[in-house]
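In this chain, numbering begins with 1 at the start of the sequence shown. Both ligands and their constituent atoms are indexed starting at 1 by order of listing. Every heavy atom of this structure was used, including side-chain atoms; hydrogens, water molecules and symmetry mates were not.
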Amino acid sequence: MKVLRTIQELRSALDQEASPTAFVPTMGALHDGHLALVKEAASGHVAVVMSIFVNPLQFNDKQDYEGYPDTLDEDIRQAEAAGVTHLFLPDLHELYPAGPEGMSTFIHVTKGVEVLCGAHRPGHFDGVATVVMKLLQIVSPDWAYFGRKDAQQAAVIENMVSDYHVPVKIITVQTVRETDGLAMSSRNVRLRPEERKDAPNIYYALQTMKNVYEEEPFSPESGRTMLQKFVKGTVEYAEVRTYPGLELPAENYRGTLLLACAVQYDQARLIDNIMWTRKEEDHVS
Ligand code: AMP
């Protein structure tokens, strides 16, 4: 595995590759969720580029940014073992020579961000879209891999790639969970022991709420109240949306549904979701 710290180093290393390129952008503190993306990316004869970059533009909270977990030595070992061929580790100056706020052009996301996380994290998806667009321009991958745990992010990226005619195929990968059901996240290390015990209830609740919804659809407000009965953390939202449109579903909607939530614990804000598809022949009561 080559470790590359500048855009120029990465580009010249990729220029020497004859094979197509698969790309996995991350913020590091790698866990099995990230590695599942790499394993899917590495399943063909391709160069697998992973980036690790903690992007200040997408954080609403300075403390969250400054305290973002950093496990670089372990990340390098795990990335190589999982099949990464090129690990891109740019520093802040490499990606933002004039500083993040010194950029002249930002991507501003206009659809699908007034709901779910977007409603609670102003500017977050602009920051995500801006850095992902930068990375796509630098890496020029044939495929880019994103986790479905961040379902709204995946939808935003799909829309951006389509709007800007970026020649990349976006592949989304299923959420990887701990054995007790908690979705893996770099932020889980910030849970206190009693919060860690409580957090798997999120996934249990989502499964129960999905069944309730299929019997009797509930509003975003009721969803929030319902989830709050299952968990001790503070529920920010818990609602059903269409995917990838993120609209409130019409009564007889057929297609993919997303039940997504965010729960705030003392030092960690966790998100999770489940998706399912209603087919034409499914009975909806
Ligand atoms: P992050 O480092 O949190 O920005 O995540 C990098 C990529 O890994 C994103 O595409 C995430 O959606 C994905 N990811 C994070 N956690 C998981 C998980 N538990 N299962 C699958 N993908 C994940």
Side-chain angles (χ1 to χ4, degrees), residues 22-43 48-61 64-65 67-72 74-76 78-79 82-84 87-90 95 116-118 121 124-136 139 141 143-161 168-191 196 199-200 202-203 206 243-244 258 260-263 268-275:
F23 178 42
V24 181
T26 80
M27 298 204 297
L30 300 184
H31 50 64
D32 285 351
H34 299 112
L35 301 178
L37 304 189
V38 174
K39 281 175 193 147
E40 268 206 50
S43 51
V48 180
V49 179
M50 172 187 274
S51 61
I52 297 182
F53 179 69
V54 183
N55 173 38
L57 274 187
Q58 71 191 67
F59 284 79
N60 301 84
D61 177 353
D64 187 25
Y65 171 62
Y68 199 79
D70 174 353
T71 56
L72 187 59
E74 183 59 13
D75 289 355
I76 293 174
Q78 292 203 63
V84 172
L87 182 62
F88 182 42
L89 302 177
L95 282 201
L116 308 178
C117 284
R121 303 188 67 186
H124 166 69
F125 287 111
D126 290 358
V128 170
T130 301
V131 80
V132 170
M133 181 60 108
K134 259 178 186 290
L135 291 166
L136 292 175
V139 179
W143 305 274
Y145 289 75
F146 292 86
R148 281 187 217 147
K149 180 171 96 67
D150 299 274
Q152 190 171 19
Q153 168 173 286
V156 162
I157 300 296
E158 294 246 25
N159 290 338
M160 176 184 78
V161 158
V168 62
K169 179 147 177 42
I170 302 298
I171 315 267
T172 61
V173 177
Q174 206 160 347
T175 302
V176 178
R177 299 178 181 280
E178 303 287 355
T179 45
D180 59 12
L182 176 63
M184 290 193 181
S185 163
S186 306
R187 291 185 173 91
N188 288 350
V189 294
R190 293 200 195 142
L191 293 169
R196 177 64 189 78
I202 298 172
Y203 183 49
L206 289 178
Y243 185 87
L258 167 74
C261 69
V263 178
R269 179 181 176 279
L270 304 186
I271 59 171
D272 199 354
N273 69 71
I274 52 176
M275 287 194 218

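- Atoms of ligand 1 lying under 4.0 Å from at least one heavy atom of P25, given by number and element, are 6 (C), 7 (C).
- Nearest heavy-atom pair, V48 versus V84, reported as atom, atom and distance to 0.1 Å: O-CG1, 3.5 Å.
- For E74, the CD atom counts as densely surrounded, since its 6.0 Å shell holds more than 12 non-hydrogen atoms of other residues, nucleotides or ligands.
- Taking only nitrogen or oxygen atoms, main chain and side chain alike, L37 does not reach within less than 3.5 Å of ligand 1.
- For the pair Y243 and R148, the minimum side-chain heavy-atom distance is 4.5 Å or more.
- From the protein, the heavy atom lying nearest to atom 4 (O) of ligand 1 is M27 CG, 3.6 Å.
- Counting atoms of ligand 1 from 1 in the listed order, those under 4.0 Å from a heavy atom of K149 are 16 (N), 19 (N).
- Judged by distance alone, with hydrogens and angles left aside, the side-chain atoms of T172 form no donor-acceptor pair with the main-chain N or O of G147 at under 3.5 Å.
- A pairwise comparison of heavy atoms in A41 and V24 identifies CB-CG2, 4.1 Å as the closest pair.
- Near F146, with a cut-off below 4.0 Å to any heavy atom, the atoms of ligand 1 are 10 (O).
- Closest to atom 22 (N) of ligand 1 among all protein heavy atoms lies G147 CA, 3.6 Å.
- The residue D32 has no part lying near ligand 1, judged by heavy-atom distances below 4.0 Å.
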Apply side-chain contact (heavy atoms from CB on, under 4.5 Å) to the pair V132 and V156, showing each step before the final yes or no. CA-CA 11 Å; V132 170; V156 162; over 6 Å; no
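- The heavy-atom pair separating Q58 from H124 by the smallest distance is O-ND1, 2.7 Å.
- The protein non-hydrogen atom at the shortest distance from atom 1 (P) of ligand 1 is H34 NE2, 3.6 Å.
- Geometrically, ligand 1 and A183 share no nitrogen or oxygen pair separated by less than 3.5 Å.
- Nearest to atom 16 (N) of ligand 1 among the protein's heavy atoms is H31 CE1, 3.3 Å.
- Between A151 and L258, the shortest heavy-atom contact is CB-CD1, 3.7 Å.
- Within ligand 1, counting atoms from 1 as listed, the ones closer than 4.0 Å to a heavy atom of M184 are 16 (N), 17 (C), 18 (C), 19 (N).
- At least one heavy atom of Q174 sits under 4.0 Å from some atom of ligand 1.
- The protein heavy-atom contact nearest to atom 20 (N) of ligand 1 is V176 N, 2.9 Å.
- Here the heavy atom of the protein found nearest to atom 11 (C) of ligand 1 is D150 OD2, 3.2 Å.
- D64 has its side chain within reach of R187: a pair of non-hydrogen atoms, C-beta onward, lies under 4.5 Å apart.
- Among A144, G33, P69, the residue whose heavy atom lies closest to atom 18 (C) of ligand 1 is G33.
- For H31, the ring-ring contact (aromatic ring centres under 6.0 Å, His included) test picks out H34, with sequence neighbours left out.
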